[in-house]
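One structure is given here, and the rest of the page talks about it.
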Number of protein chains: 2
Amino acid sequence: MISIKDVAKHAGVSVATVSRVLNNSGYVGQDTRVKVEKAIKELNYKPNEVARSLFKKQSSTIGLIVPDIMNPFFPELARAVEDTAIQLGYNVILCNSDGDEKKEQNYLDVLQQQYVNGIIVSSNTLTAAQIERLNIPVVSIDRVISKGLPTIVVENKKGAMMATRFLQSKGCRRIGHIKGNSRVLNAKERCEGYMEIVGEEPWFNETYIAEGQYDMQSSIQATLELLQRHPDIDGIFAANDIMAIGAIKAAYQLGKKVPEDIAIIGFDGISLSKATTPELTTIEQPIYEMGEKATKLLVSLMEQQQTADPESYKVLDVTLIEREST
Amino acid sequence: MISIKDVAKHAGVSVATVSRVLNNSGYVGQDTRVKVEKAIKELNYKPNEVARSLFKKQSSTIGLIVPDIMNPFFPELARAVEDTAIQLGYNVILCNSDGDEKKEQNYLDVLQQQYVNGIIVSSNTLTAAQIERLNIPVVSIDRVISKGLPTIVVENKKGAMMATRFLQSKGCRRIGHIKGNSRVLNAKERCEGYMEIVGEEPWFNETYIAEGQYDMQSSIQATLELLQRHPDIDGIFAANDIMAIGAIKAAYQLGKKVPEDIAIIGFDGISLSKATTPELTTIEQPIYEMGEKATKLLVSLMEQQQTADPESYKVLDVTLIEREST
DNA sequence: TTGAAAGCGATACCAA
DNA sequence: TTGGTATCGCTTTCAA
């Protein structure tokens, strides 16, 4: 590959001069600049980013670590992050951690070794200490790691309350909840929101809650068990859209019609929620906005060379989208 | 960050020696090795990958360029590539090109500048020349760029024929096709397969084909138009699963029941195809296997330091999965 | 068996 | 306004 030396030779100047025109820094004579630019074009020279990174300890790259690329929520988020990052002049490295603590730590190491300028991460297991050790800006998205860290999340509890109350308003008498894994903070918050509304009802007890894994398979299983345990359930709040879709399938398997026999509401507002039959009523997160905000926040931290600031903990609002499943 | 110098100092040896134990190369005395390993552990030293890459002109990284991360097919593929790559000791950088020629070329440049060892790409617009210029191994996946290039694809035409014939066997008399964008090769092949079966039928003409974009929204539109043009259509072969799901929605909008009034079959076998109601009959590609095979092929090319070999053009088989939509 | 030093490709300081 | 050169952190020859 062509290096800066080749360009310098071709243009009859020193590498220092070439570097100056490349970076628009320092003084360069008008005609020298032209000569160099010509050489660059003629040789189709592209500066070597690795060498650059080595010197600068920066790589114009941001890392994005997500727990489950197969859940459409994260591709949508990734899309937003990528769009925004590119607009701001950064590339993104997307990493899939599987929610596995070891993999997360490994990616953190890898990204740091690659001199990424900053990281956006969605994790349940990472601690504030692990992140502070990195000494580069990190924005936590979709899950809070510590209130002191830059964070973009939504009103999970409030959204869950809206969802549950909405089912009540639709006439549901017995409302079950398909919960995400207890170790996932937002799953816990959503469950709390549900409890807030039905916790004091005379019929309520914990067997109205079934736990899944934020994926469809586990949700089908959980819903089947839940509905067999309580055939009188006429409303389900599922902790995310994928699980809500699973719940619909499970209901059908038991011969129940949605929404006639049982109303089902999800959480996330992934674009898939419009694709099902019946279309899913859901609590919509502003997914694109979350990715965009997180990226802008991260970049601003990077450019101010700081790892946090008091303004950087943001809780976005959610919206109830009524469709056919309720 | 801790560097090799710190380790050398701490262990009381030269950096060359540290490098030797790091890479298990050359001679290192037994006790020296122990000393160095102890120092590495004590300082929690991790070699700087950027510096390493600069010297080696390799980065133990492979690039993956996909056209649409929002189509679940690609996350599934990415997942397979990532799993396999990590197993073989490589990291992967995932890039989303939007099918845009400029973005693709840009990512190719970026990846090359990052010294990736190889690239897996799914593209309609890249040419063999552009790829050969890179001078690193590239595997084309899901779409063929040139028969001379390492490639993993499936029997698109055959699959399309299977799908169309299957609709016939289910008693469909008028079979329409929702086609992907004509500029996408596999969309063309799938359309050819369809034509192969119905092209000679007395009722057939080109108005039985409607073109979409491999996404749901365009497919709904296309299906609506198709069914208004030909209310007698009782079977639809959609060129991918997302479009098939769109077709189902469109059918419902027009008051047609699936599969009673109209049978619908897709192509891809994304896991979502099991999630819909009714579940989607589809031509399943071995997505995970494709990603795995592509990665293994790429790594073997990388390790043999070659950019192609005669064995590297692979066409995998597809399977018809009958579910509820037909 | 070990260490010194050159070099990977860029940047930025200091002199000229 | 330009050029020489140390430097980033690592690998690898060459000598010792």
Side chain of [X], heavy atoms from C-beta onward: which of [options] has the nearest atom to it?
X       : options               : result
B:Ala16 : C:dA10, C:dA4, D:dG9  : C:dA4
A:Leu22 : C:dT11, D:dT11, C:dT2 : C:dT11
B:Val28 : C:dA10, D:dC8, C:dT2  : C:dT2

Notebook entry, point to check: Taking atom CG of A:Asp109 and atom CD of B:Glu49, what is their separation to the nearest 0.5 Å?
Noted result: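 A:Asp109 CG to B:Glu49 CD: 10.5 Å, rounded to 0.5 Å.
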Item checked: Euclidean distance, B:Asn91 CG relative to A:Gln113 CD, rounded to 0.5 Å ->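 Those atoms lie 9.0 Å apart.
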Checklist line | Backbone of A:Ser60 reached by a side-chain donor or acceptor of A:Asn117 within 3.5 Å | finding: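 Present.
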Checklist line | Donor-acceptor pair, side chain of A:Asp6 and main chain of A:Ser3, under 3.5 angstrom | finding: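 A pair under 3.5 Å: yes.
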Which whole-number value in Å describes the distance from [X] [atom1] to [N] [atom2]?
X        : N      : atom1 : atom2 : answer
A:Ile4   : D:dT5  : CD1   : P     : 16 Å
B:Lys5   : D:dT11 : NZ    : C1'   : 14 Å
B:Phe55  : C:dA5  : CZ    : C1'   : 12 Å
A:Tyr115 : C:dG9  : OH    : P     : 18 Å
A:Asn23  : C:dA12 : CG    : C1'   : 10 Å
B:Gln113 : C:dC8  : CD    : C1'   : 16 Å
B:Asn24  : D:dC10 : CG    : P     : 17 Å

NA contact type, [X], heavy-atom cut-off 4.0 Å: base, sugar-phosphate, or nothing?
X       : result
B:Ser19 : base
B:Val18 : nothing
A:Val13 : sugar-phosphate

Notebook entry, point to check: With nearest nucleotides of DNA chain C determined for B:Thr17 and B:Lys57 from heavy-atom distances, which residue corresponds to the more 5′ nucleotide?
Noted result: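 First, find each residue's nearest nucleotide; the 5'-ward one identifies B:Thr17.
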Item checked: 5'-most by nearest nucleotide on DNA chain C - A:Ser3 or A:Arg20 ->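 That would be A:Ser3.
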Next item on the list: Give the minimum heavy-atom separation between A:Glu76 and A:Ser271, together with the two atoms involved.
Entry: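 The answer is OE2-N, 2.8 Å.
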Notebook entry, point to check: Under 4.0 Å: is that the gap between some side-chain N or O of B:Asn48 and OP1 or OP2 of D:dC8?
Noted result: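 No, B:Asn48 has no side-chain N/O under 4.0 Å of OP1/OP2 on D:dC8.
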